[in-house]
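Scroll down for the structure; my scribbles are underneath it.
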Protein chains: 2
Amino acid sequence: MKSNKISMKEIARLSGVSIATVSRIINENGRYSDETRQRVMDIIDKYQYETNSIAKSLRMNRSQTIGVLVPDINNEFFSVIVQEIESFFFDLGYSTIICNTAKSAEKEKEYLKILDSKMVDGLVCISGQEEVLTDVLKRKVPIVCIDRRPKIDSNVAFIASDHYAGGFIATEELIRKGCRRILVLTKQQNLSSVNERLNGFSDAMLKHNLVLGKEQYVTIQSDHNNLDAAKQKVQQLIENKMKFDGIFATNDWLGLGALLALQENGIQVPGEVKIVGFDNDTISKYCNPPLTTINQDKAALASKACGILLEMIEGKTPKIEEHQLLPVNLVERQTT
Amino acid sequence: MKSNKISMKEIARLSGVSIATVSRIINENGRYSDETRQRVMDIIDKYQYETNSIAKSLRMNRSQTIGVLVPDINNEFFSVIVQEIESFFFDLGYSTIICNTAKSAEKEKEYLKILDSKMVDGLVCISGQEEVLTDVLKRKVPIVCIDRRPKIDSNVAFIASDHYAGGFIATEELIRKGCRRILVLTKQQNLSSVNERLNGFSDAMLKHNLVLGKEQYVTIQSDHNNLDAAKQKVQQLIENKMKFDGIFATNDWLGLGALLALQENGIQVPGEVKIVGFDNDTISKYCNPPLTTINQDKAALASKACGILLEMIEGKTPKIEEHQLLPVNLVERQTT
């Protein structure tokens, strides 16, 4: 599809001047006579050449655009945060362009390059890969990472929920309700957010002198659908006559998968097995029975991240504490 | 925040030539001596100036980027389609930038301008406003609209589910299961997709000689949360002793809201009142009881839209039938 816009080259040809002269006139930069200027402007008006905002941002080095890298736009935790970011920055005159990396390192690299080349003024990277691949960036763009610990760098800030506390609270909830043989159900991935939830789990188990062995860590493959894989895995555990009375699922979809497998086998929840999920996704509220879970404050995460990014864009050095962790809380429903 | 990239102006100063000469050399366009070229290239290498992809796309008029306008990234129907579009185009070497318009006409205009200025090669517009505001575009970009009827224009294609059939099938399902006093629960908005669902509803009622009056159209305000507003509205109907035995909800969240209100009032679903939703969102499968609904084939919608857009980008004229409507189907669960 050919653009209906006239090129600089065409303008130069039609007005009988060099491309460099057209460029100088458009950019109002350098020498040219009034007469030449008029000739060029007439051609431009005639063909409605518009210096588009790309040309402008090349000169100004500001695009009033924020880039957001998100690993899975179809995950409620991420989509809510992205919405909040968009809304925050729109009110300040910034547009937000969102890139869905589908948890692929290759895509993440590609999109970082794209956002860099589109001259975004700042980036929000939401967890996906273990490390932020900032080495693909050519400009020193301010970056705020949510849920992903970046390498120490002056232009990268970090913010996350207190995942460790979440894992600890979830496990203590199960223990308080009488569980003694507790499994943790998680995805096989090496994300700091998930690792910290697991640390919270094991510390709570140790604090209460409960047995903790390898077999209590039940993992599903990272590329599998949370719900289906969790359901299948718990089905296997039941068939293998594994004994357990509590499950801490590191996200709500895993928790729901476990719940469905237990129900299909006639095992009472919370009577025989109790479950705590993580994230407080909408599904946890409306499934049956509603899932006890750990709530992350998505709005606060987004607004903190935006505030920090804005300060960095404006050239201020934001006051970032070493651990910028937001509190989480238990939402007690009917699976515990 | 200052960019760490050296500007053309700086390069010109350091190599002792004019900015126009630097531009000619970078763009390999126009006259300059080998010696001058070497001098400028040395400075560029030294400071790692990179002609970024914006500068390139200005010359090439191709950005290998697709823009997607989506009214609500937190709505599963949209987020699934956006994911499919991203995946389709990434495999072809295109990147996708997503803009969340939050159903605001102002934002939609702004983002259309942004995507235009970022020189996207094609656009996918998912419903939000009644009309596509293509008049803000400066270039003739190929556009595919999903769920939104565009003005007739050579560069705009349209694709949607057969919403009329969906409304008809949903209503006939209620009638077949014995409902006679059927309400339709919908949002107050003028979207073609919703209007067609309502037309399907009324035609099915007429076909079966059922009474159809104004009071059977129950609407909630468009800016309200689907679930909460629907729940509140149905609560009011119950308090007002309105008689009804079936509800066709034009989306699953409205259906779930109705279900919750009925349950809180001890009204049996499906025993006393039956409900059919629309969209087959995940929530419809896992709520209690699971909701009967109309399934839209999101993957097919996305892949059709992508195929058409690609053809348009490649300068072909896609064979678009006048009504590019994809079939829907009933998913019978436990609310009917």
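Below, chains carry the letters A, B, ... as their sequence lines are ordered, and counting in each starts from 1.
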> In terms of ring plane angle, is the pair B:Trp253 and A:Tyr286 parallel, tilted or perpendicular, where the classes change at 30° and 60°?
Replying inline: perpendicular
Counting heavy-atom pairs under 4.5 angstrom with chain A, the leader among B:Asp72, B:Leu227, B:Val70 is B:Leu227
One option among A:Thr96, A:Leu256, A:Ile283 has the most heavy-atom pairs under 4.5 Å with chain B, and it is A:Thr96
When the 4.5 angstrom heavy-atom criterion is applied to B:Leu115 and chain A, the contacting part is neither
Q. Do the side chain of A:Tyr111 and the main chain of B:Ile97 share a donor and acceptor less than 3.5 angstrom apart?
A. no
Here the gap from A:Tyr94 atom OH to B:Ile114 atom CD1, rounded to the nearest 0.5 Å, amounts to 12.0 Å
If one checks every heavy atom of B:Thr21 against chain A at 4.5 Å, the contacting part turns out to be neither
Pair count under 4.5 Å, heavy atoms only, with chain A: among B:Ala102, B:Ser95, B:Cys287, B:Gly122, highest is B:Ser95
Residue pair B:Thr65, A:Lys118: steps toward the side-chain contact (heavy atoms from CB on, under 4.5 Å) verdict = CA-CA 11 Å; B:Thr65 311; A:Lys118 303 284 182 203; 3.5 Å; yes
Assert top hit (heavy-atom pairs under 4.5 Å, partner chain A, pool B:Asn100, B:Val82, B:Asn75) equals B:Asn100
All heavy atoms of B:Ser79 vs all of A:Asn74, minimum pair found to be OG-OD1, 2.6 Å
The interface call for A:Glu110 against chain B, heavy-atom contacts under 4.5 Å, is side chain
So, the part of B:Lys107 with a heavy atom under 4.5 Å from chain A: the answer is both
